[in-house]
Amino acid sequence: MPGLRAMRSLLLFLLLCGVSFAEEAKQDHDLANLVHQDCGSCHGLTLKGGLGPDLRPDSISHYDADTLSEVILDGIPGTAMPPWRPIMSEAEARWIAHYLLEGPK
Amino acid sequence: MKRIFSLVTTLFLLGGAAQADQISSTGDLGLVVERAKGALLLVDQSEHAAVDRIEGLGDLSHASLVYSPDQRFAYVFGRDGGLSKVDIIERKVVKRVLQGGNSIGGAISDDGKLVAVSNYEPGGVRVFDADTLEMVADIPTASKTIGLVDAPGRKFVFSLWDDGETWIADFSSGKVDITKVKGMGENPYDALITEDGRTYITGLFGEDGLTALDLWAEKPEAIRVLPNYGRGLKDLPVYKMPHLEGWAKAGQEFVLPAVGHHQVLWIDSVTLKETGRTDTYGQPVFAMARPDGRYVWVNFAHPLNDTIQVIDTLTKQVVHEFKPGPAVLHMEFTPRGHEVWISVRDAGAVMIYDTRTFEKLGEIQADKPSGIFFTARAHKTGL
């Protein structure tokens with residue numbers, strides 16, 4: 001019954017896709033939560049600034065995603081902005097850079 | 001006749017009972033900031049329960065509040081610059097003004113008549129009539145202001161992040177009289193005042209150490225404390241600024257979070273000399289002494305913010321460590337210290353623990369809870 005086997009494989013494939021989409025969505029949700037809750041400690045829950053500067057799209061439009069990712073990963077020496085590299089991957093920093101530039105949806 | 005008498009007595013008693021039902025006492029109540037929701041959860045210490053939710057307070061990230069001397073009103077300082085007066089008996093917001101663009105905390109004068117708010121944008125402190133919330137003084141500083149506390153004698157003390165100064169605003173004469181103390185150090189990030197109102201200490205972010213002021217002195221001057229404590233050690237990244245609070249005094253010593261080092265620092269409260277260091281699990285955010293001073297409870301910055309350590313004041317050793325859950329943001333002791341209430345943001349709960357057995361006594365659901373404030377703060381200088 002090759003047809004059934006193919007169907008089973010397809011089903012398995014679809015299930016796995018579902019899992020990975022769900023995982024990705026969870027990661028996005030966790031990163032967005034980090035931005036608002038933890039970056040928000042200094043930049044404000046709505047990112048309009050506090051001890052650290054305003055991070056809303058209009059205020060950071062002079063940055064490109066690469067520069068912003070670097071700032072996130074390496075911090076700004078001499079200021080309160082810490083390097084996040086020890087606890088964050090480059091892909092995560094890039095996701096956050098785009099998230100900030102585009103603004104929360 | 002006898003029957004009539006007893007009927008009258010019964011009616012009188014019933015009337016009395018009904019009245020007692022309507023009287024609400026506030027001494028064991030508290031407010032929990034639900035920061036994303038812009039709400040306050042009214043909680044009852046004795047019942048281990050939430051009794052109501054008060055909404056409509058704006059952006060409450062990093063919000064804090066103080067209480068009126070009669071423990072009926074809370075003045076809530078929101079990040080959006082909102083100053084709200086909340087009646088915890090009527091359980092509603094009774095007044096609200098948008099007083100600044102971006103505020104960071106506040107204080108109430110010892111006589112309960114003035115409420116001061118510290119602002120990042122525009123930088124400075126604004127002072128309001130506690131009854132009407134009308135502004136009575138505007139003190140621009142051209143700097144982000146931090147570490148605002150009340151001091152005895154209708155005074156407010158605060159520091160300037162950008163300029164390294166501490167200002168003492170004295171309202172005792174009716175109008176404001178300002179004393180500026182220069183040379184407090186680079187980037188003071190928060191401050192505390194001791195319960196006796198004598199010592200004001202700022203933590204520094206831009207350099208190692210802390211700076212103290214003796215407010216009993218005729219002319220208070222900056223006193224450097226532990227100027228070399230981190231020298232030679234590589235600073236670790238700080239993912240959340242520590243807080244200093246008046247309760248961090250244990251016996252004769254202050255217990256303060258180090259910045260950029262995973263340690264708490266012990267300082268003699270009279271000589272201001274270091275008496276010890278305790279290595280901790282992460283960057284401490286709050287180091288809070290149980291009200292009797294016997295133990296110090298410490299929570300930590302992201303990403304190690306799921307853990308609490310308890311330090312014995314006598315030995316300065318960690319005697320207990322546990323993980324209440326993801327993102328422990330704040331702790332508040334009951335006034336005599338038998339319980340501690342802990343907000344665990346990402347678990348969506350306030351958890352209640354016995355401070356002697358460390359047994360968990362209860363849990364209250366809350367939406368991203370941060371600060372917990374019991375009404376007993378009304379009677380403490382600096383809180």
Side-chain angles (χ1 to χ4, degrees), chain A residues 25-60 68-93 95-97 99-100 103-105, chain B residues 33-38 58-63 78-81 101-105 118-121 123 143-146 161-162 186-190 204-207 234-243 259-260 282-283 285 301-305 326-327 329 345-346 348 368-370:
Chain A
K26 186 185 177 305
Q27 280 170 7
D28 289 359
H29 173 269
D30 286 353
L31 282 175
N33 190 55
L34 174 99
V35 169
H36 291 279
Q37 301 294 335
D38 295 301
C39 304
S41 297
C42 284
H43 297 282
L45 201 65
T46 57
L47 307 177
K48 71 172 193 175
L51 194 60
D54 189 336
L55 295 182
R56 290 172 297 184
D58 287 350
S59 312
I60 56 170
L68 213 49
S69 306
E70 273 171 34
V71 169
I72 295 167
L73 289 168
D74 298 324
I76 303 177
T79 74
M81 178 65 186
W84 290 78
R85 197 182 289 281
I87 56 171
M88 189 180 282
S89 73
E90 290 187 9
E92 286 168 332
W95 188 94
I96 290 173
Y99 180 77
L100 292 174
K105 292 187 185 64
Chain B
V33 174
E34 294 185 309
R35 60 186 206 166
K37 211 183 179 85
D59 176 0
L60 291 184
S61 53
H62 210 288
R79 196 28 123 23
D80 58 2
N102 201 332
S103 67
I104 193 64
S118 171
N119 290 312
Y120 280 160
E121 198 54 57
S143 162
K144 293 182 173 113
T145 52
I146 59 90
W161 162 268
D162 302 294
E186 197 176 330
N187 294 144
Y189 66 87
D190 197 13
L204 300 177
F205 183 81
E207 58 184 290
K234 191 169 162 30
D235 279 8
L236 300 164
V238 178
Y239 295 113
K240 183 173 167 62
M241 285 286 173
H243 283 253
V259 184
Q283 164 68 55
V285 174
H302 182 88
L304 301 173
N305 56 1
L329 291 197
R345 186 191 69 206
D346 292 345
K368 299 224 179 285
S370 58

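In what follows, chains are A, B, ... by sequence order, proteins preceding strands, each numbered from 1.
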Run the ring-ring contact (aromatic ring centres under 6.0 Å, His included) test against B:Y120 and tell me which residues pass, sequence neighbours left out.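 Listed in chain order: nothing, the list is empty.
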
I'd like to know which of A:P86, A:G75, A:A80 tops the heavy-atom pair count under 4.5 Å against chain B.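 Most heavy-atom pairs under 4.5 Å with chain B: A:A80.
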
Which of A:C39, A:G78, A:G49 touches chain B most, by non-hydrogen pairs under 4.5 Å: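 Highest number of pairs under 4.5 Å: A:G49.
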
Toward chain A, the part of B:D346 with a non-hydrogen atom under 4.5 Å: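 Side chain only.
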
Does B:Y239 reach the main-chain N or O of A:P83 with its side chain, forming a donor-acceptor pair under 3.5 Å?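 Yes; at least one donor-acceptor contact below 3.5 Å.
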
Specify which of B:M241, B:R35, B:E186 makes the most heavy-atom pairs with chain A at under 4.5 Å.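 Winner by heavy-atom pair count: B:R35.
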
Taking side chain as everything from C-beta outward and backbone as N, CA, C, O, which of these in A:L51 sits under 4.5 Å from a heavy atom of chain B? Side chain, backbone, both or neither.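 Contact with chain B: backbone and side chain both.
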
Exercise answer: donor-acceptor pairs, residues 41-48 of chain A side-chain atoms, under 3.5 Å, sequence neighbours excluded:
residue : atom : partner : partner atom : Å
A:S41   : OG   : A:D38   : O            : 3.1
A:H43   : ND1  : A:P53   : O            : 2.8
A:K48   : NZ   : B:G101  : O            : 2.8

B:P303 versus A:I87, closest heavy-atom pair with distance: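 Answer, listing the atom of B:P303 first, then A:I87: CG-CG2, 3.6 Å.
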
Please tell me if the side chains of A:Q37 and B:L329 come closer than 4.5 Å, counting only heavy atoms from C-beta onward.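 A side-chain contact is absent here, since even the closest heavy-atom pair is not under 4.5 Å.
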
